[in-house]
Trainee: 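For reference, the structure I am asking about is given below.
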Amino acid sequence: MKASVINKISSYVFIALMIASAAILGMFFFVGYDNYTTLNNSSVSDPQFTDLLMYWMYALVVFGVAIVVLFVIIRFLASLKTNPRRAMNGVIGIALIAALFGAAYSLASDEPIRTAGGGVFDVKSDLILSDIVIYVQYVLIAVSVIFTVIGGSFKFFNKVKA
């Protein structure tokens, strides 16, 4: 496939996803609050399309992860034929990400927490998952800041030399 065809297809998919997202967000914010739920013995009004918005977000995350995994596998197989050393660098990157998630899992706590309403939240899987996500975000933000500073300092010193 030519690059221009791939660019056209990806731009059409992007536009379609953005239009669908805008429509679902519009339905969520502007249609109404007729969905009543019971929370701590009181009736709470939720937007009508909360479920649709959450399922759409789940679908986008699954779609994004599936596309990334698919392209990583395709690139790995293509570079395995032409440059095996480069292919192994990709495997090392995936192993580092897996190690990061493994370390975050080992640090995660399942200790119940108190909620604002005076209750206790004690769903162990949700507590562990939230800890994992928080720890991974901390590490990724720190790595981003470090590499941004390093990259900026290289630019600065290259300008000073010239």
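Position 1 is the first residue of the sequence; numbering continues from there.
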Trainee: Answer with yes or no whether the hydrophobic clustering places Y58 together with F63; edges join I, L, V, M, F, W, Y residues whose side-chain heavy atoms lie under 4.5 Å apart.
Mentor: yes
Trainee: Please report the interatomic distance CG(D122) to CZ(R114), rounded to the nearest 0.5 Å.
Mentor: 11.0 Å
Trainee: Starting from I19, can I reach W56 by hopping between I/L/V/M/F/W/Y residues whose side chains sit under 4.5 Å apart?
Mentor: no
Trainee: Can you confirm whether Y138 is buried at OH, in the sense that more than 12 heavy atoms of other residues, nucleotides or ligands lie under 6.0 Å from that atom?
Mentor: no
Trainee: Indicate the atoms forming the closest heavy-atom contact of V136 with A104, along with that distance.
Mentor: CG2-CB, 3.9 Å
Trainee: What's the shortest heavy-atom distance between L52 and M27, and which atoms?
Mentor: CD2-CE, 3.6 Å
Trainee: First locate atom CG of L60, then atom OG of S21, and finally report the distance between them rounded to the nearest 0.5 Å.
Mentor: 5.0 Å
Trainee: Give the C-alpha distance, both sets of side-chain angles, the deciding distance and a yes or no for side chain to side chain contact (heavy atoms under 4.5 Å, CB included) between D126 and F121.
Mentor: CA-CA 9 Å; D126 289 347; F121 186 77; 3.8 Å; yes
Trainee: First locate atom CG of L25, then atom CE of M57, and finally report the distance between them rounded to the nearest 0.5 Å.
Mentor: 8.5 Å
Trainee: Look up atom CD1 in I134 and atom CG in L129, then write down how far apart they are to the nearest 0.5 Å.
Mentor: 9.5 Å
Trainee: If you look at every heavy atom in A103 and S106, which pair is closest and at what distance?
Mentor: O-OG, 2.7 Å
Trainee: Might you point out which heavy atoms bring S109 and D131 nearest each other, and give the distance in Å?
Mentor: N-OD2, 2.8 Å
Trainee: Apply side chain to side chain contact (heavy atoms under 4.5 Å, CB included) to N89 and I92, showing your working.
Mentor: CA-CA 5 Å; N89 287 342; I92 291 170; 4.3 Å; yes
Trainee: Under the criterion side chain to side chain contact (heavy atoms under 4.5 Å, CB included), I'd like the reasoning laid out for M54 against F28: C-alpha separation, chi angles, the key distance, then a yes or no.
Mentor: CA-CA 10 Å; M54 293 189 64; F28 176 77; over 6 Å; no
Trainee: I73 and I94: same hydrophobic cluster, using ILVMFWY side-chain contacts below 4.5 Å?
Mentor: no
Trainee: Examine V13 and F71 and state if one hydrophobic cluster contains both, with Ile, Leu, Val, Met, Phe, Trp and Tyr joined whenever side-chain heavy atoms are less than 4.5 Å apart.
Mentor: yes
Trainee: Would a hydrophobic clustering, with Ile, Leu, Val, Met, Phe, Trp and Tyr connected at side-chain separations under 4.5 Å, put I132 with I113?
Mentor: no
Trainee: Just verifying a value: how many Å separate D110 CG and S130 OG, rounded to the nearest 0.5 Å?
Mentor: 10.5 Å
Trainee: Side chains of F49 and I24: does their closest heavy-atom pair fall under 4.5 Å?
Mentor: no
Trainee: So how far is it from F101 CZ to I97 CD1, rounded to the nearest 0.5 Å?
Mentor: 7.5 Å
